[in-house]
Amino acid sequence: MGDDVAASADREDLPGPLPGPLVGTDWLAARLGSPGLVVLDASVGAHRGSDQRIPGARPFDIDGALSDHSGPLPHTMPDADRFTGELRALGLHDADTVVVYDRVGIYSSARAWWMLRAMGFDRAAVLDGGLPAWADAGLPLESGRPAPDAAHGDFTARPRAGLIVGSGEVVAALADPRAAVLDARSRERFSGAVAEPRPGLRAGHMPGALNLPFGELQRDGRMRPAHELRAAFAALAGERERLFFSCGSGVTACVLTLGAALAGYRELAVYDGSWSEWGLPSELPVVTGAESGGPRR
């Protein structure tokens, strides 16, 4: 009986503090169903609303309610009031701990993690390997429509300046010798060798930007070790510690942000409009070919 009481007490102590911005399937499996632990499915595109999910997962709908659809850009941040309302409707409380995943591995889940941080919520982590890693480990899945949470949460967004930025801040960063701007798109898109998948956008990249395709930070669907991540960033950014991230629409830029956080960088920002904004016909400069913003000492 003493062992049963001890096990029950241990369970009540869960989920406990997060080990960092990334957790493994073992960490989540040991805590799944614990009071105060919320699991969010942040899948996008063809994977959005797929039938299978981690038991109890709630939809963090980046393609839907958790983006600002008042303008032409696809995945920009909603305002604080909208974000508060949507997260309360998911049953999230200020005191909860969140693990977010997606059905690809690590793709859009990093966007949800960074959105939460930008809105002042730090107790959030990405599930390393996402749903594929969970399924490969033989862990339980459920299907059908997720059951709505019976009660709204008390989450309140507290936006932090500088974590989500616009084109003006990126222009300034490109001219700042202490900063580096990294683009998560493929090398072909970055160089302008192929057309952008979204119609009406110019091909190429920002003058002085650096190319680090987000998949290069992963191995077998999981994030590479911290020392390898640090080496990947240092090879491009040199000793610069202020890092700005861009991609096609602000989603995979957050995979770079996650990698940089794991590597120990602290001054990080995501360009919300990313190439969906910069690539539009405008006075914002675009170049093609090889990158020109290599390491600075």
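A quick note: this is a predicted structure, and the numbers were derived from the prediction, not measured.
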Check: Between the side chains of D63 and H75, does any donor sit under 3.5 Å from an acceptor?
Finding: yes
Item checked: Cluster link L141 to L37, ILVMFWY, side chain under 4.5 Å -> yes
Check: Do you know the tightest heavy-atom contact between P285 and P207?
Finding: O-CD, 3.4 Å
Margin query: Check this for me: does any side-chain nitrogen of one of R230 and E241 sit under 4.0 Å from a carboxylate oxygen of the other?
Written below: yes
Next item on the list: May I ask you to say whether R189 pairs ionically with E196, meaning some side-chain N is under 4.0 Å from a carboxylate O?
Entry: yes
Notebook entry, point to check: If you measure from CG on L40 to CG on L87, what distance do you get to the nearest 0.5 Å?
Noted result: 7.5 Å
Check: Is a donor on one side and an acceptor on the other found under 3.5 Å between the side chain of W113 and the backbone of S108?
Finding: no
Note to self: Pairing donors with acceptors under 3.5 angstrom, does anything connect the side chains of S109 and D102?
What the structure shows: yes
Next item on the list: Please confirm whether the backbone N or O of T76 pairs with a side-chain atom of D68, one donor and one acceptor, at under 3.5 Å?
Entry: no
Note to self: Evaluate T25 against D128 for side-chain contact (heavy atoms from CB on, under 4.5 Å), listing each step before the verdict.
What the structure shows: CA-CA 7 Å; T25 54; D128 200 13; over 6 Å; no
Item checked: Spatial distance of atom OG1 (T257) from atom CZ (F245) [nearest 0.5 Å] -> 5.0 Å
Check: When you measure from the centre of the six-membered ring of W275, is the NZ or CZ of R185 under 6.0 Å away and within 45° of the axis?
Finding: yes
Note to self: Would you compute the distance between atom CG of L258 and atom CD1 of I106 and round it to the nearest 0.5 angstrom?
What the structure shows: 6.0 Å
Next item on the list: Please round to the nearest 0.5 Å and tell me the distance separating atom CG of L280 and atom CZ of R202.
Entry: 8.0 Å
Notebook entry, point to check: What's the verdict on salt bridge (charged side-chain N to carboxylate O under 4.0 Å, His left out) for E267 and R178, showing C-alpha distance, side-chain angles and the deciding distance?
Noted result: CA-CA 11 Å; E267 296 183 69; R178 301 164 299 171; over 6 Å; no
Note to self: On a heavy-atom basis, which atom in H69 and which in P74 lie closest, and how many Å separate them?
What the structure shows: CE1-O, 4.4 Å
Notebook entry, point to check: Is it the case that more than 12 heavy atoms not belonging to D51 sit under 6.0 Å from its CG atom?
Noted result: yes
Next item on the list: Kindly determine whether D122 and R117 satisfy salt bridge (charged side-chain N to carboxylate O under 4.0 Å, His left out), including the steps that lead there.
Entry: CA-CA 5 Å; D122 287 332; R117 287 188 62 84; 3.4 Å; yes
Margin query: Consider side chain to side chain donor-acceptor pair (under 3.5 Å). Of R103, R58, Q52, R53, which one does D41 pass it with?
Written below: R103
Note to self: Main chain of R158, side chain of R160: is a donor-acceptor contact present, judged purely on distance under 3.5 Å?
What the structure shows: no
Next item on the list: Taking R224 for its side chain and Q218 for its backbone only, find out whether a donor-acceptor pair lies under 3.5 Å.
Entry: no
Check: Which value, rounded to the nearest 0.5 Å, describes the distance between E86 atom CD and D81 atom CG?
Finding: 11.5 Å
Check: Taking the side chain from S274 and the backbone from S246, do they hold a donor-acceptor pair closer than 3.5 Å?
Finding: no
Note to self: Does any part of the side chain of H93, heavy atoms only, come nearer than 4.5 Å to the side chain of R88, both counted from C-beta?
What the structure shows: no
Margin query: Check this for me, if you would: do R187 and E216 make a salt bridge, where the nitrogen-to-carboxylate-oxygen distance has to be below 4.0 angstrom?
Written below: yes
Item checked: SB check D272 R111 (cutoff 4.0 Å) -> yes
Item checked: Reported SG-to-OH distance for the pair C254 and Y107, which is rounded to 0.5 angstrom -> 11.5 Å
Notebook entry, point to check: T252 side chain to A184 main-chain N or O, any donor-acceptor pair under 3.5 Å?
Noted result: no
Next item on the list: Assess whether side-chain contact (heavy atoms from CB on, under 4.5 Å) is satisfied between H205 and S191, documenting all intermediate values.
Entry: CA-CA 7 Å; H205 60 273; S191 68; 5.6 Å; no
Next item on the list: Over all heavy atoms of both residues, which pair between F244 and A179 is shortest? Give the atoms and the distance, please.
Entry: CE1-CB, 4.0 Å
Check: Do side-chain atoms of S67 reach the backbone of I62 as a donor and acceptor pair under 3.5 angstrom?
Finding: yes
Item checked: Shortest non-hydrogen separation from Y271 to G166 and the atoms involved -> CE1-C, 3.7 Å
Notebook entry, point to check: Does R82 use its side chain to pair, donor to acceptor, with the backbone of D79 at less than 3.5 Å?
Noted result: no
Margin query: Give me the atom names and distance for the closest heavy-atom approach of L262 to A226.
Written below: O-CB, 3.5 Å
Note to self: Closer than 4.0 angstrom, basic N to acidic O: yes or no for D176 and R242?
What the structure shows: yes
Item checked: Expected output: side-chain Y101 to main-chain A57 donor-acceptor under 3.5 Å -> no
Note to self: Run the side-chain contact (heavy atoms from CB on, under 4.5 Å) test on D183 and L212 for me, step by step, so that the C-alpha distance in whole Å, both residues' side-chain angles and the decisive distance to 0.1 Å come before the verdict.
What the structure shows: CA-CA 6 Å; D183 189 322; L212 182 55; over 6 Å; no
Checklist line | Heavy-atom pair of closest approach, residues G259 and M223 | finding: CA-CE, 3.7 Å
Check: Counting only N and O atoms by type, is there a donor-acceptor contact under 3.5 Å from the side chain of W134 to the main-chain atoms of P140?
Finding: yes
Check: Is the closest side-chain heavy-atom distance between F155 and F121 below 4.5 Å?
Finding: yes
Next item on the list: Could you check W278 against L201 for side-chain contact (heavy atoms from CB on, under 4.5 Å), going step by step and ending with a plain yes or no?
Entry: CA-CA 8 Å; W278 194 285; L201 299 182; over 6 Å; no
Check: Would you call R222 and D220 a salt bridge, using N to O less than 4.0 angstrom?
Finding: no
Item checked: Pair F233 and Y265, ring centroids less than 6.0 Å apart -> yes
